[in-house]
Structure formats: structure tokens, C-alpha cells
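Inspection log for the structure reproduced underneath, given as C-alpha cells.
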Amino acid sequence: MAPVARSIRVIFTVRPTVFFPLSLSFDFVLPEATATDRITLFVDVILPLPLPKLYTYRVPYEMNDEVVIGGRVIVQFGAKKTLSCIVAAVHETPPKQYQAKYILEFIDDAPVVTQPQLKLFRWMADYYMCTLGEVINAALPSALKLSSESRIQLHPAFVAEENPYPLSEQEERIVSILASEDGKSLTFTEVGDLLGISSFHKVIKSLIQKDVIFLFEHLADKYTPKVVKKVHLAHHFVEEGVLEELFQKLASKPKQLDVLMRYLQRVPVYQNIHANHKGLEKAYLTSSPHLSPSAVNTLIKNGVLEQFDVIVSRFPLEDEPEAKLHFALSEAQTAARDEVLNLFGEKDIVLLHGVTGAGKTEIYIDLIRKALEGGGQVLYLLPEIALTAQIVTRLMRVFGSRLGVYHSKFSDNERVEVWNGVLSGRFQVVVGVRSAVFLPFDNLALIIVDEEHESSYKQYEPAPRYNAREVALMMANYQGAKTLLGSATPAVETYYQTRAGRYGLVTLTKRFGEAGLPEIELVDTRKSREAKKMHNHFTPELLTEIETKLSLKEQVILFQNRRGYSPFINCLDCGWIPKCKNCAVSLSYHKHSHELRCHYCGYADRMPVECPACGSRNLKTVGFGTEKIEDDLKIMLPAANVQRMDLDTTRAKNSYQQIISDFEKQTTNVLVGTQMVTKGLDFANVSLVGIINADSIIHYPDFRAHERAFQMFVQVSGRAGRKGKKGKVIIQTADPQQVIFDKVIRNDYLEFYDYEITQRREYGFPPFMRVIRMTVKHMDQSLGEQAAILLTQELVARLGREAVLGPEAPYIFRIRNFYLQEITIKLDREHTVLKQAKLQICEAMNVVKDQKEFKQARLVADVDPM
DNA sequence: AGCACGCCGACT
DNA sequence: GTCGGCGTGCTC
């Protein structure tokens, strides 16, 4: 059963003194049971806080039966805070060091977190070197987390006329508001707003001392069910004859009559008396263009219609699609599917390596269907950006309302409903992003991780710094489920596992339908530049090709891996470059908003008209981002309809969907964007993809730079030419000789893999070694460096010199006013070694943290960084 | 994460 | 002389 949400909980932390409970007088009447029968239970709870251990609370004896592992309870934590937390264990061992506090309340009568989840969360905390509280915090939709808020209320014994203490003007104001309504209460922030000051604590303290008000903690479920207002005909009208009478009465009121007619049209009261019981959504009547909303209200006021509320699901049970979407798998798809199933016989994990456009989704759907037939649950993970309306509607048509969707743009209430839907068994398939691995499955049969190479599966801030692909694999392992990883450009680590025989491998080399892979052309920007043939950032080759495609009414995608107009501006007279005041980066110019913005901390300033250093008006933009590409293109090709898709244009809730649908409907011809355009989008009419500046992607100081570049080029190329059309890709680069281009052009993953794996082996990187990246952050540069040096020493002392690299300041050495130092640790892959090493890393971190002068240093461990 | 207790600067 | 700043430590 799904947990029942209770609306409001009130807990007194400061009891009004007048109501001193009389029951404290000793009445020692015990129930039938004698004291010796009593079993005293204790629970270990996970608090949603970054605390290293669990806390033990005592179960009130009468509540022994209510304890549910994985259920939520409310406890007092510290002097003031009342929190909800998850019961991780039940036992009878009283803590020796301290007196356990009692649990205040039990929220759920069934687990909200399943046993396999608890096991998984423990593994995560261990593996990713974080606390269970941090895992729980990331896992639970925040509406399932309760936390208290202090409120004040007029003291029940307070009578204004008898108050012996003089009140200040501010105090009077608070009192008059609290007295305005019986039992009215205010939060601290409300008090602050009311008085227009932020230091309201003094006032509150004084009022408490004078016995005018008291404090209490208010704890409310944040989850609110969705309510729909409905109306139906008042019951006594539902009778023959009576209704006619009503019509006559309303004869002179045409508007009301209209409403009534419409109601009867939708609710056939004559044919079926019971139809009236369910009624009709009020909004259907009030928002109908031909009806008057006020007439509806008049009918309600006069008792003809009755209004009532109904709690509904945010994911309505739609009628199952009449004709379920049925599609035939192609021969290649069928073969691949059978091979996957076959491999699942001996392996738990299979990689489906299929070129872009090979039709992997149909294979997934077929496998999901099979898994459901076997009675198990299915989790289908997608990177954020690929989880579009396109794929959801498609899955909806196959799985109907058994499909749950879990998405970062979902509201919290929606998330809770998906969570509960998984618990109750309503949702047997969930398609979702990274955080969907936290959903409370307990009977998984299959997990699909699509685009498994995607770095967005890895969370970096805040902890837990987990990779959803790895978590999914672990969860599948715990629940005996099979996992299918899918990608056109598998992560080197993943492919290595197939070579090592640990994962099965199925390959699809042909595109679905007759579509061939796109033709890829490299264009040398250096040559064009020397010949003075560049049009802004476009080579003549790219520009001509764009024009050709547009004249054929075909669409174009342009990829530029940097948002904004230009990465910085520069004063031509004095050389001034605006820098972020919090970070060691230049400010990016955003033309649309006339702002200079920091892409690391969000700091923004108005674009100056003149140089603040020398007063010159010769401010020039340097470099280019998506905004400039969009701008230039609009000027050079005024007939083209250009749309930009990047973080800045997709901030609003539905803008992303809008841009995609405009492009789909071919309202826009050219889509300019950042990485967003490289992922999983499937448009039939795109025949050209342009990569404006390939060099900025390849030249990156990181062992994964080549892998990332290869994946990005192949993925974005894959957007070109689908559904029978051969597409073209133009890559602009100043250095066409780069080794990886050769592999991209021939779309030769295997060759890329062989090349890359050799490098990884030689330089000792994953998959041969495991990397843990330590970051030391400090407001003070020198202290940060010293802390990093000490940490390095401690690490070397435990792990050996060869395992530790650094410390080193990263390229961007200051973010949000914190100076950064990085240490890279390389470890043997073996589990016992790894576990031991993590303990030693914790020790080393503690040595630094225990040092008085480094108290303000922040130490972060990132396991398997990306 | 809060929040309470504890030690140093600018003020009625 | 105090009020209040935030730095450090604890929460079952």
C-alpha cells in the first residue's frame, strides 16, 4: 500500500505553561501486560543530513507494532529541529553512551524505501564516499521529506488588558496581527517581512519572555494531492417531471439554460440516473467559449448545481490505446533482439552497440514488453536531453498508463506520485533520467541504460557524486535483473568489459530503413582564414552547403560548444578584459540580455558602453558562442528561420519542448545549439550538420578529451540524414590532421577504441586503473594550497607515491570565491584494494580536517570522475 | 545542515 | 562597559 499523506502535524516544543498536563500526577495503572513482558525496541534512522552515522531512537512501547523498516518517522534532532527520517534498522540494543530519545510519530504504515533500495543506498554511500543522509537526500523527492518550521502564536493566557509588560511598537504590531484571528500563527520570515527588518529574533525573544507568545514547531507534508472541482445536478432534480419544472423556471434565463443543456448533453441523466453522481468537471463548463462562467456560479448559488472536490492523479489513467502501437522489427532488429535475449542467458549485462539511427528504441520496447510479461518491473534510463515528448508519447502508446515518467522538470508533487505509483505497482515501467535509479523498485527484471556513455549520468554537485549507470548495474545485481546498455559510441570502459567477456555484446552496423550513414567532410578553417575567405566563423564550404540545403527545403543543425555571444570582450585601447569577481574566468558577453555573465557562478553585470578602465568606446567581442552564430546567420541568410537551443533559451519549463516541436514542424530551418543538439534528437528532414569549431572540443586537458570529442562528433553527425536520406556533415577545424577525425569520418568506433585503449593502458587510466579525484577548496589561496600539500602527503604515506598525482591548480583555479587544488589518485581496480584505499583516503582527509588551520578547507572526493 | 555556545571588534 | 559578529562543535 502506498503511504498515506497526512496533511498537518503540530508538535509543541515549548508547552504553554498554563496547560501543565495534569496527567503527570502519578497514576501507575499498567495495562494487562507486566513490565517484564515489554520489549523495548530501538531504531537506527537515516537523517536527511550529511552525517557520517545513523542515529538511534527509542520506540514508544505502544508503538512497537507500527515500526516499519523503510518507513518514515518523525524525531526530534537537536534542541529545536523536528525532522522526518527513514528507519534503516530495528533492534533491541539500547545505546550505551547516551539516552535515546523517543520517536515522536510514525508516518507510514508501509515502506517508502524498499529493502533492496536500502542495501543499494548503503553501497552508494560506501562506494562514492559520502554519507547515507546525502544519498537519501538525493533519492527522496523533497515532498517526502518533512522538516519543521518554527511558528509563533499568541499565548493562550495572554489578555491584552492585563498584560503587565509594556510593549514596543513592533511588538504591538505583531500582537495585533496574531490577535486578528483566533489561533493565527506566523513563521519567523513572515514576522521579518511584516516588520521590514531581518533581525526579528530579538523581538520574538522579548515577546516570549513577556509570556505574550509561544513558539511551536510546525511540520507539514509538502505533498498536496491534485484536486479537481466538479459539479453535478442537485439530487432532487434527477427525477422525471422535476427537471421539466426546472426548465420552465429557467425559461427566462437563457445563459443558465445553456449551461444546463450542456451539462445534460455530457451527463446523460435521463438514460442513467447514476451518471449524475460522478458529475462533470466544473472547468469544462466555465471555460467553454459559448457558456457564461457566471451563469455556472449562479446555478451553484441557487442550488441547482452542486460543487464538490475530487482528488485525482496527476497521471490520469487513460483509456488504454484501442489499437496498441504495433510495429514490426526489421530483420536486423529481430536478430539483435534475439541475440540480446540469448546472451542474457549467460550474462547479466549486455551492451547493444548500434550506429546512430539503427533503431535501438524498437528493440528496447520489445524487450520491455517481454520483461513485463514475465511479471517484473522495468527501468528505462535516458539522459536528460533525450527524454523528450517524442519518446514519451511513443512509449505511452505501447505501455499506456503502466508507464511512469521521471524527469527533472517535473514538479515535486508529480515525483511523489511516480514514487508512490512504483510502490503500489501501478507503474511497472518507468522511463526517467539519472535520479530515476532511486525509485522504490523491488522486483526489477530489466534495466535499460540508453546512451550509456553520456556524462550526464554522472552527478558532480552535490554529493552523492554517483554515476547512474553504475548504480543501475548494482541495483540490477541486487534484484537479479538484467541490464542492457545501449550506445552508438560506448564508453571505453564499457566496451572494454565486453572484450574482457564480462558483458555480452550485440552490434548493429546498419541504419534502420535504407538510410546510409552521413558523408563527413573536414574543412580547414586556417586555410580559409589565410585566403581571407571566412564569413565570420563560416567557411565558404559550410555556408554554401547551408544555402543549398535550405533551397531544397531541408533542415540544418549547427553545433557550437559554447553559449553566449562571445567568451569575453576586450578594450582595444587599454586591453581591459572583464573578469568575474568570484571566479578566475572572463565574463561571457550575452548580446540578447546586454549582459556580461559568468558561466560558473551566475554573476551578471550590464554590458558597459565604455571601458571602465580608460573610458574608450572601442570594446570588441572576442571568440564566439551560439548566440553569435545565430546572429551572423540571420544577417547572412535573412530568409532562413534560425532558432537557438542552449541553456539560455531552454530555461523556461516548456521552451525546450517548443523549440523541438518548431523544428519538427519545420517552422524553423536552422537549429544552432550546444551539446543539447547532439543527443538523441531524431528529425527526418535534417540533411546537414555543421560543427563550427571542432578544435575547442578536442583540446582539453583531460584523459577523456578524445573520447568525448569522438562521441560528440559521431553523435551530432548521427542527426544528419534519416529516413532514407543521406546526410552530410561538415566539420570545421584548424587542424584536419588530428588522428581522431580519421576515425570519425569512417565512423569507425572499433578503430577509435583500439587507439584509445592503448593510450589508457600505457598511461594507466580507466578501465585499467580506477581514478578518485580529490578537490581541496578554500577561500584563502595559500591555506588551500597548504591543505592540499598536507592531504597529498597523507595520501602518499598511505597509498604510495605512484598512486598520487598533484596537487595542482585546475585551469579555472577559482570558482565562487573558492580556490581549487586537485589531486588525482589512481588505484588498482581490485575490490578489496579499492575498499581499503577509500578507508585510507578518509583517514588522510581526517588528518587534514583535524588540523586547526585547515578547518575552513572543504575536501571533496569524486570517485570515477568524468 | 541548523543551531547553540564561545571569544574578539564598534558602539549605546 | 555591552551587543553582536561569526568560528567551532554537536546533534541519538
Side-chain angles (χ1 to χ4, degrees), chain A residues 11 13-14 40-61 63 67 69 72-106 125 130-140 142 144-152 168 170 187-189 191-192 197-206 208-209 215-219 222 461-465 777-780 783-784 787 817-818 845-860:
Chain A
I11 290 146
T13 48
V14 180
T40 307
L41 292 180
F42 295 90
V43 296
D44 297 335
V45 299
I46 308 170
L47 291 153
L49 300 171
L51 298 165
K53 57 199 175 82
L54 300 184
Y55 283 71
T56 306
Y57 284 84
R58 184 170 170 176
V59 179
Y61 168 67
M63 307 300 250
V67 181
I69 291 185
R72 290 171 303 164
V73 294
I74 295 172
V75 299
Q76 180 104 46
F77 185 66
K80 294 198 73 171
K81 278 282 142 192
T82 314
L83 311 156
S84 70
C85 49
I86 301 286
V87 175
V90 185
H91 56 84
E92 294 176 37
T93 327
K96 292 182 190 73
Q97 314 290 322
Y98 51 86
Q99 187 76 37
K101 281 186 185 169
Y102 279 103
I103 288 177
L104 298 178
E105 239 185 292
F106 291 79
C130 64
T131 68
L132 258 177
E134 285 168 324
V135 178
I136 280 284
N137 235 343
L140 293 188
S142 54
L144 284 179
K145 290 176 260 177
L146 310 167
S147 88
S148 65
E149 187 180 36
S150 300
R151 300 183 77 97
I152 57 166
S168 74
Q170 290 182 332
T187 66
F188 284 10
T189 31
V191 172
I197 52 167
S198 53
S199 57
F200 43 81
H201 274 100
K202 211 167 61 180
V203 186
I204 290 172
K205 218 170 176 175
S206 146
I208 293 174
Q209 263 168 17
L215 249 178
F216 66 97
E217 292 293 308
H218 172 102
L219 201 67
K222 285 178 233 153
E461 277 290 336
R465 298 176 173 80
K777 309 181 187 184
H778 206 295
M779 298 271 245
D780 183 289
L783 282 173
N817 285 320
F818 279 90
M845 285 164 82
N846 286 332
V847 171
V848 178
K849 277 192 214 155
D850 288 346
Q851 217 79 26
K852 242 204 184 86
E853 60 269 41
F854 299 139
K855 273 280 150 28
Q856 294 186 76
R858 291 191 196 172
L859 309 183
V860 168

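Predicted, not measured: the structure shown is a model, and the values here were computed from it. Letters go in sequence order (proteins before strands), and every chain restarts at 1. Excluded from the calculations below are hydrogen atoms, water molecules and symmetry mates; all remaining heavy atoms, backbone and side chain alike, are included.
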Distance, rounded to the nearest Å, where Tyr102(A) contributes OH and dT11(C) contributes C1': 19 Å
Check: Tyr57(A) side chain, Gln76(A) main-chain N or O, donor-acceptor pair, under 3.5 Å: yes
Nearest-Å distance for atom pair OH/C1', residues Tyr55(A) and dA1(B): 11 Å
Contacts of type ring pair (Phe, Tyr, Trp, His ring centres under 6.0 Å), residue Tyr55(A), not counting sequence neighbours: Phe77(A)
Stems involving DNA chain B, each a run of at least 3 consecutive Watson-Crick or G-U pairs under 3.5 Å: B:1-11 with C:1-11
Smallest separation among heavy atoms of Cys85(A) and Ile46(A), with atom names: CB-O, 3.0 Å
Atom of Leu132(A), atom of Leu54(A) and distance for their closest heavy-atom approach: CD1-CD2, 3.8 Å
Between P of dA1(B) and CZ of Phe77(A), the distance in whole Å: 12 Å
Close side-chain approach of Glu105(A) and Val73(A), heavy atoms under 4.5 Å: no
Using a cutoff of under 3.5 Å, can you pull out all pairs of nitrogen or oxygen atoms linking the protein to nucleotides 5-8 of chain C, with atom names and distances?
none

Interatomic spacing from CG in Leu49(A) to CG in Leu83(A) - rounded to 0.5 Å: 6.0 Å
d(CG, Leu83(A); P, dA1(B)) in whole Å: 14 Å
Distance, rounded to the nearest Å, where His91(A) contributes NE2 and dC12(C) contributes C1': 10 Å
Set of salt bridge (Lys or Arg N to Asp or Glu O under 4.0 Å) partners for Arg58(A), sequence neighbours left out: none
Salt bridge (Lys or Arg N to Asp or Glu O under 4.0 Å) against Glu92(A), all qualifying residues, sequence neighbours excluded: none
Nearest-Å distance for atom pair CD/P, residues Gln99(A) and dT11(C): 14 Å
Donor-acceptor pair (no angle test) under 3.5 Å: Tyr57(A) side chain, dC12(C) base: no
Rounded distance (Å) that lies between atom C1' of dC10(C) and atom CG of Leu47(A): 13 Å
Residue list, side chain to side chain donor-acceptor pair (under 3.5 Å) with Glu461(A), at least two apart or on another chain: Arg465(A), Lys777(A)
Arg858(A) CZ - dA1(B) P separation (whole Å): 8 Å
